[in-house]
Every structure is written in structure tokens, then in C-alpha cells.
Amino acid sequence: MAELENKVAIVTGGASGVGAATAHVLSREGAAVVVADINAGGAEAVAKRIEAAGGRAVAAAVDVTEDDQVAAMVATAVREFGRLDVLHNNAFLGSPDVMARDAAITDIDPDLWDRVLRVNLRGYALGAKHAIPAMLADGGGVIVNTTSGTGLLGESSRPAYGTSKAAIVGLTRNIAAQYGKQGIRSVAVALGLVATEALKANLPGPAQEMMLTHHLTTRLAEPEDIAEVVSFLASDRAAFITGCTIPVDGGFTSHTASYADERRFTEAAG
């Protein structure tokens with residue numbers, strides 16, 4: 001039997017990238033999947049591909065910052081598939097125009113700050129708010145939150161983004177502490193640089209190569225690398241993992257800041 005047989009999952013930000021890959025992997029493992037995204041057409045396309053492969057999926061158009069829309073997303077899972085077992089909070093605001101404006105703290109636009117935290121943090125809290133009661137109705141469930149190495153380390157830019165990702169770490173712990181005894185697990189995955197189609201299109205090759213020097217792997221992550229870990233965490237094999245943040249970052253956050261420079265120095269010395 002597949003690991004997630006008879007389980008029902010919601011994946012936010014499911015229209016592309018890590019979310020789309022996760023929706024496919026969860027389906028492969030037997031779960032029925034609600035592919036949720038503000039991009040309704042993209043979510044529908046992913047759901048149709050899952051169904052074409054023999055899985056069960058429906059699309060849900062949702063702005064994760066809107067309480068009523070998140071409630072409707074959860075209601076869709078229960079209405080279509082009878083229950084909810086897994087929520088992968090994965091939607092985030094990371095478009096190039098937003099990232100470019102998320103610069104120095106002294107220059108921050110308060111409206112931009114609020115917008116980033118509204119999507120990246122409020123959206124996750126609302127997801128948990130509505131998913132937890134549905135999960136408790138059937139004995140428990142799992143919430144997997146996508147965060148980032150930038151939530152664990154400081155950067156020279158993107159303070160709103162980094163702060164939102166750091167707050168997700170705290171939210172993850174609080175969910176686990178409040179609802180663990182009722183059968184809810186809460187885990188975060190902290191990503192490094194993931195080679196999504198959007199990243200390939202918007203981050204120049206030299207910048208990708210520069211970032212790769214700070215990973216301990218021979219390549220950047222593919223969306224499927226993250227999806228496999230999310231699927232494991234959603235399964236009963238991970239039943240004793242909760243209240244923590246797991247790096248899925250190719251070692252990006254595991255070494256000293258001088259690592260890449262030391263390698264270059266050693267290689268140059270022959």
C-alpha cells in the first residue's frame with residue numbers, strides 16, 4: 001500500500017514549483033489532493049495532470065490571506081474527499097518585483113512589508129486555523145510549512161522575506177505545542193535555492209552558480225527533492241517528528257560563512 005493511501009491533502013501554492021511537485025508526489029503515494037493557488041488556471045492544470053496519471057485531485061482558487069477563502073479551501077477538501085489529513089502550507093510572495101523592492105530596512109516600504117508578511121505568515125496561520133478543526137474531526141493530521149534558510153540566517157537584503165520565513169519557524173513550534181496532544185503534528189522544511197522554472201527564468205546563470213558554491217551538493221535542489229521530504233513528513237513513518245524545522249537545503253545552512261571562499265583558496269593553491 002502507498003504511504004498516504006486514504007489520506008487527503010491540501011497543497012497551497014500548488015500551481016507551480018515545489019507546490020506542484022508536492023501535489024504529484026502526494027498523489028503518487030495515494031493521497032487525494034486539493035491543489036490550491038491564487039492562479040486558478042495553473043491549479044486546474046496540475047489537478048488535471050494528476051487525474052490523468054490515475055490520481056484524485058481537485059483545484060481550489062484561493063487567496064491565502066483571505067479568511068473566508070481559506071475556510072472554503074478546507075471545506076472543498078472535506079466536501080470532495082470526506083476528510084483532511086495533511087496541509088502543506090507552501091504559498092508565498094516571492095515575485096521578482098517584490099524581491100527587488102525588499103531591500104534595506106531603512107528604505108522599506110511599510111506597505112510592502114505588510115504585504116509580504118500577510119501572504120508568507122498570515123496565510124500559513126489561516127491555513128492552520130481552518131485545517132486543524134477538520135483534522136481533529138478524524139483524529140489528527142499533519143501540517144508541513146515551507147520556510148527557508150533565510151529564516152535561519154541573516155542576509156544583506158530581503159528583510160521582509162527573511163523575517164516572514166523566521167516567523168514560520170515559530171508558528172510551526174506553536175502549532176505543535178498547542179495541538180500535539182490532540183494528534184496534530186507540525187513540521188517546517190527550510191529550503192535552500194530550488195531550481196524551479198521561475199527561478200531559472202529570473203535568476204541569471206552566474207548568480208545560480210554563485211549560490212551553488214555555498215551548497216554542499218553538486219547541484220541545486222529540484223522541486224521533487226523537496227516534495228519527497230514533504231511526503232515522508234506527512235506519512236506515518238514520520239510519526240515522531242514534530243515541532244521542528246528540518247533543513248532540506250543541500251547543506252546551505254550547515255557550514256561556516258567562509259566555506260566557499262576557503263574552497264576557492266584551496267583550489268587556487270593547487
Side-chain angles (χ1 to χ4, degrees), residues 1-62 64 69-92 127 130-132 134-135 137-146 183-185 187 189 191 194-200 219-239 241 246 248:
M1 180 181 291
E3 287 191 338
L4 299 175
E5 197 73 33
N6 300 320
K7 302 291 188 182
V8 177
I10 295 172
V11 179
T12 69
S16 61
V18 169
T22 300
H24 281 283
V25 171
L26 295 180
S27 173
R28 183 199 72 197
E29 292 302 319
V33 183
V34 176
V35 183
D37 204 291
I38 198 168
N39 176 359
E44 186 66 38
V46 171
K48 286 182 177 178
R49 288 197 295 271
I50 290 172
E51 289 185 313
R56 295 180 298 155
V58 296
V62 61
V64 297
Q69 293 189 35
V70 176
M73 174 188 75
V74 172
T76 296
V78 176
R79 182 183 67 251
E80 295 291 331
F81 301 121
R83 57 187 292 135
L84 178 63
D85 304 282
V86 179
L87 169 65
H88 180 33
N89 270 326
N90 176 70
F92 72 100
H130 292 289
I132 288 170
M135 292 176 176
D138 286 292
V142 186
I143 296 172
V144 182
N145 295 321
T146 299
I184 302 291
R185 289 193 294 114
V187 189
V189 288
L191 312 188
V194 182
T196 62
E197 291 304 314
L199 180 132
K200 293 173 185 176
R219 61 174 176 82
L220 297 176
E222 295 292 335
E224 291 74 17
D225 294 315
I226 314 306
E228 294 289 353
V229 177
V230 174
S231 179
F232 164 71
L233 291 171
S235 76
D236 291 341
R237 287 200 296 154
I241 301 175
I246 297 175
V248 190

Quick one: does S231's side chain have a donor or acceptor within less than 3.5 Å of a partner on A227's backbone? no

Provide the closest heavy-atom pair for G19 versus V11 in the form atom of the first, atom of the second, distance. O-CG1, 3.5 Å

Do H130 and M73 have side chains that get closer than 4.5 Å, going by heavy atoms? no

I'd like to know if the side chain of N90 reaches the main chain of T12, judged simply by a donor and an acceptor atom lying under 3.5 Å from each other, with no hydrogens or angles considered. yes

Any side-chain heavy-atom pair from I132 and I143 closer than 4.5 angstrom? yes

Dump the intermediate steps for salt bridge (Lys or Arg N to Asp or Glu O under 4.0 Å) on K200 and E197, then the final yes or no. CA-CA 5 Å; K200 293 173 185 176; E197 291 304 314; 3.6 Å; yes

Note, D236 side chain near E3 side chain (heavy atom, < 4.5 Å): no

If you take all heavy atoms of V35 and A23, which pair is closest and at what distance? CG2-CB, 4.1 Å

Begin from the C-alpha positions of R28 and E228 and carry the test side-chain contact (heavy atoms from CB on, under 4.5 Å) through to its verdict. CA-CA 11 Å; R28 183 199 72 197; E228 294 289 353; 2.8 Å; yes

Please find the pair of heavy atoms, one from G17 and one from P223, that lie closest to each other, and give the distance. O-CB, 3.7 Å

Start with the C-alpha gap between V8 and E80, add the side-chain angles, then the distance that decides, and say whether side-chain contact (heavy atoms from CB on, under 4.5 Å) holds. CA-CA 10 Å; V8 177; E80 295 291 331; over 6 Å; no

Rounded to the nearest 0.5 Å, what separates atom OG in S235 from atom CG in L26? 10.0 Å

Non-hydrogen atoms of I50 and A57 that approach each other most closely: CG2-CB, 3.7 Å

Between V189 and L191, is any pair of side-chain heavy atoms under 4.5 Å apart? yes

Sub-3.5 Å donor-acceptor pair from the side chain of N145 to the main-chain atoms of N89, do we have one? no

Is there a side-chain contact between F232 and I241, using heavy atoms and a 4.5 Å cut-off? yes

Within the structure provided, determine whether V230 and V25 are in side-chain contact (heavy-atom separation under 4.5 Å). no

Any side-chain heavy-atom pair from V33 and H24 closer than 4.5 angstrom? no

Spacing of CZ belonging to R219 relative to CG belonging to D225, to within rounding of 0.5 Å: 4.0 Å

For S27 and G55, which heavy atoms make the closest approach, and how far apart are they? OG-CA, 3.5 Å

State, to 0.1 Å, how close V18 and H88 come at their nearest heavy-atom pair, and which atoms those are. CG1-NE2, 4.3 Å

Given 3.5 Å as the limit, does a donor-acceptor pair link the side chain of R185 with the main chain of A238, or not? yes

Test item: V62 and V70 side chains (from C-beta on) under 4.5 Å apart, heavy atoms: yes

Enter the distance from D37:CG to E44:CD here, rounded to the nearest 0.5 Å. 12.0 Å

